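Heads up: the structure comes next, in structure tokens.
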Amino acid sequence: MAQREARSGRVFSGIQPSGELHLGNYLGAVRHWVTAQEARNAFYCIVDLHAMSLPWEPAELRARTVETGALLIACGLDPKRSGLFVQSQVPAHAELSWILSCVARMGELRRMVQFKEKSMGASESVGVGLFTYPVLQAADVLLYRASGVPVGEDQRQHIELMRDLAVRFNRRFGDTFVAPHAEIAASGARIMSLDDPTQKMSKSVGGPGSKVLLIDPPEAITKKIRSAVTDSGRRVAAGEGKPALTNLITLYALAEGSSVAAVEERFSSAGYGEFKSALADLLVATLAPIRQRYDELISDRAETERLLGSGAAAAAEVAETTMRDVRARVGLPERAAPS
Ligand code: AQP
């Protein structure tokens, strides 16, 4: 059965409502989700339980969860085509996470780079959830027997871990899970911060000047791009030793749907100022329809909540089918069907 699902090419991916979505989330992940929903059976999840792995404000988390749903729909996700739901509304995620945490090893979780980065050397005082985060993430994907996980480069190591857990579980208890693989785009998989191109653009790390938010108004986008750091020199050229320009040129190429070489060629006789103005205009035009659609959707939060609720009901059915198998294999009692 696992082989059959692998061939079906189901995809699963998630996003944390831990802050406002930025260009890195869009170019590295969400735009690929939109493409994938056309031809594949796709499940996309707003992972609110993951957002609790760093300190959070309850009211903010609740509001951002709905806002993230509205923004994903504004980006082009269609709840009629793909499953779009909130993680905590499908309790099987937490249940499978516990079972997998009894299969995962301390040593492999200790090697996770994201834990090292986010705990910033204070690993004794951060919450246990930050450490076990990749196990919950493995549960998210394995529950849906997805074979592909479209993500940015930062998630590669976590996807490798979930493969290892799937294979280990299958060996020990019998063929249950599909071992998924990361689907990482050749370009845009690691968009860097605008004020420090050695760091990735991030929701929770870096000040407002480090990222373009998908719902930034035009003036804010223009200001952020004008203030973005550049490299020494004068030529608009990407490459070794030019991390800032490589990032800005990549943004231009992705927004336009062209290549880094084509952008370099177009701006070969331009200065940084002219290039940045053109980039700001392009990003404003690219993000305008998303922002407009978001404003419409968020004016009726109840409708987004309703769409997410039906997404959760559909996801729960698939998840429960997997959980019935898992419980039987690991020795847990059958559940009575709800009356
Ligand atoms: N800078 C980035 N470039 C390309 N892709 C990125 N992603 C995140 N940052 C970049 C991809 O976006 C998807 C959702 O990310 P997430 O919500 O799981 O959180 P994250 O990967 O930890 O990203 P953030 O924005 O930095 O969030 P916080 O600050 O909350 O941790 C993933 O597919 C990710 O690869």
Side-chain angles (χ1 to χ4, degrees), residues 11-36 42-57 60-61 64-65 67-69 71-72 75 77 84 86-87 93 112-120 126-127 129-130 133-134 136-138 140-141 146 148-162 180-208 210-215 224 228 243-244 246-248 250-251 253-255:
V11 296
F12 180 99
S13 203
I15 192 153
Q16 297 186 69
S18 50
E20 291 178 287
L21 268 57
H22 52 74
L23 266 181
N25 297 132
Y26 181 67
L27 296 172
V30 177
R31 75 190 170 113
H32 301 297
W33 300 2
V34 175
T35 311
F43 282 91
Y44 300 120
C45 185
I46 301 161
V47 290
D48 53 349
L49 298 176
H50 280 282
M52 296 165 70
S53 58
L54 286 175
W56 76 99
E57 286 300 326
E60 217 169 81
L61 176 61
R64 278 197 172 139
T65 299
E67 286 156 13
T68 302
L71 193 45
L72 292 173
C75 287
L77 285 193
L84 176 63
V86 177
Q87 184 185 34
H93 289 247
M112 294 296 116
V113 172
Q114 185 171 293
F115 173 71
K116 290 184 202 163
E117 283 174 359
K118 290 197 171 175
S119 60
M120 289 186 292
V126 294
L130 190 63
Y133 176 116
L136 177 58
Q137 198 179 8
D140 297 338
V141 176
V149 193
V151 283
E153 179 62 47
D154 59 329
Q155 294 300 324
R156 188 187 290 278
Q157 195 186 27
H158 289 173
I159 313 297
E160 277 161 18
L161 174 73
M162 64 181 76
H181 59 271
E183 296 182 358
I184 298 177
S187 185
R190 194 167 171 82
I191 299 298
M192 309 309 282
S193 156
L194 297 177
D195 55 13
D196 178 0
T198 64
Q199 301 298 318
K200 76 161 192 162
M201 192 177 280
S202 163
K203 286 193 230 89
S204 55
V205 181
S210 69
K211 55 200 132 192
V212 171
L213 304 179
L214 301 187
I215 54 166
K224 287 174 181 182
T246 302
N247 193 39
L248 297 179
T250 301
L251 287 179
L254 290 169

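Please read all numbers here as calculations on a predicted model, not as lab measurements. Just follow the structure's listing: the first ligand is 1, and inside any ligand the first atom is 1. Here, residue 1 is the first one in the sequence, and each next residue gets the next number.
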Under 4.0 Å between heavy atoms, the region of Ser202 that gets near ligand 1 turns out to be both
Report task. Decide yes or no for Val126 and Phe115: does some side-chain heavy atom of the first lie under 4.5 Å from some side-chain heavy atom of the second? Result -> yes
Q.
Contact between Lys203 and Leu21 at the side-chain level, heavy atoms closer than 4.5 Å - yes or no?
A. yes
Per-atom filter on ligand 1: closer than 4.0 angstrom to a heavy atom of Lys200 are 1 (N), 8 (C), 9 (N), 20 (P), 21 (O), 22 (O), 23 (O), 24 (P), 26 (O)
Do the side chains of Thr250 and Arg190 get nearer than 4.5 Å, heavy atoms only? no
For atom 3 (N) of ligand 1, the closest protein heavy atom turns out to be Ile191 N, 2.8 Å
If we number the atoms of ligand 1 from 1 as shown, the ones under 4.0 Å from a heavy atom of Ile15 are 14 (C), 17 (O)
For Gln155, the ligand 1 atoms with a heavy-atom partner under 4.0 Å come out as 21 (O), 35 (O)
Heavy-atom proximity to atom 11 (C) of ligand 1, picking from Pro150, Gly152, Ser13, points to Gly152
Looking only at protein heavy atoms, what sits closest to atom 13 (C) of ligand 1 is Ala29 CB, 3.7 Å
When His93, Gln155, Gln114 are each screened for side-chain hydrogen bond (donor to acceptor under 3.5 Å, both in side chains) with Gln137, the one that passes is Gln155
Nearest non-hydrogen protein atom to atom 5 (N) of ligand 1, with distance, is Gly24 O, 3.1 Å
Heavy-atom donor-acceptor pair, Gln199 side chain to Ser193 backbone, under 3.5 Å: no
His22 heavy atoms within 4.0 Å reach ligand 1 at atoms 9 (N), 25 (O)
Practice task
Check if Met192 has a non-hydrogen atom at a distance under 4.0 Å from any atom of ligand 1.
Solution key: no
If you scan protein heavy atoms around atom 21 (O) of ligand 1, the nearest is Asp154 OD2, 2.6 Å
shortest atom 30 (O) of ligand 1-to-protein heavy-atom contact is with Ser18 OG, 2.5 Å
A student checking ligand 1 against Gly28 at a 4.0 Å heavy-atom cut-off should list atoms 4 (C), 5 (N)
Open item on the list: Do Leu248 and Leu194 have side chains that approach each other closer than 4.5 Å (heavy atoms only, starting at C-beta)?
Closed with: yes
Residue set satisfying side chain to side chain contact (heavy atoms under 4.5 Å, CB included) with Ala185, at least two apart, ordered chain then number -> His32
Between Arg156 and Glu153 (salt bridge meaning N to carboxylate O under 4.0 Å), is one present in this structure? yes
Exercise. State, yes or no, whether a side-chain contact exists between Leu214 and Cys75 at a heavy-atom distance under 4.5 Å.
Key: yes
Any heavy atom of Gly19 sitting closer than 4.0 Å to ligand 1?
no
Atom 27 (O) of ligand 1 sits nearest the protein heavy atom Lys203 NZ, 3.1 Å
Are any of the heavy atoms in Lys118 under 4.0 Å away from ligand 1?
-> yes
If you compare Leu27, Leu23, Asn25 by their heavy atoms, the one closest to atom 12 (O) of ligand 1 turns out to be Asn25
The protein heavy atom nearest to atom 28 (P) of ligand 1 is Ser204 OG, 3.3 Å
- [ ] Check whether any side-chain heavy atom of Gln16 sits under 4.5 Å from a side-chain heavy atom of Tyr133, and report yes or no.
- [x] yes
At under 4.0 Å between heavy atoms, what of Arg190 touches ligand 1? The answer is backbone
Residue set satisfying side chain to side chain contact (heavy atoms under 4.5 Å, CB included) with Ile159, at least two apart, ordered chain then number -> Val149, Val151, Met162, Ala182
Backbone or side chain, does any N or O of Val205 fall under 3.5 Å from an N or O of ligand 1? no
Short version for Ala189: what comes under 4.0 Å of ligand 1, heavy atoms counted, is backbone
Requested in this report: Please examine the side chains of Arg31 and Leu254, heavy atoms only from C-beta on, and report whether any two atoms are closer than 4.5 Å.
Outcome: yes
Only residue of Val11, Leu72, Val34 satisfying side-chain contact (heavy atoms from CB on, under 4.5 Å) with Tyr44 is Val11
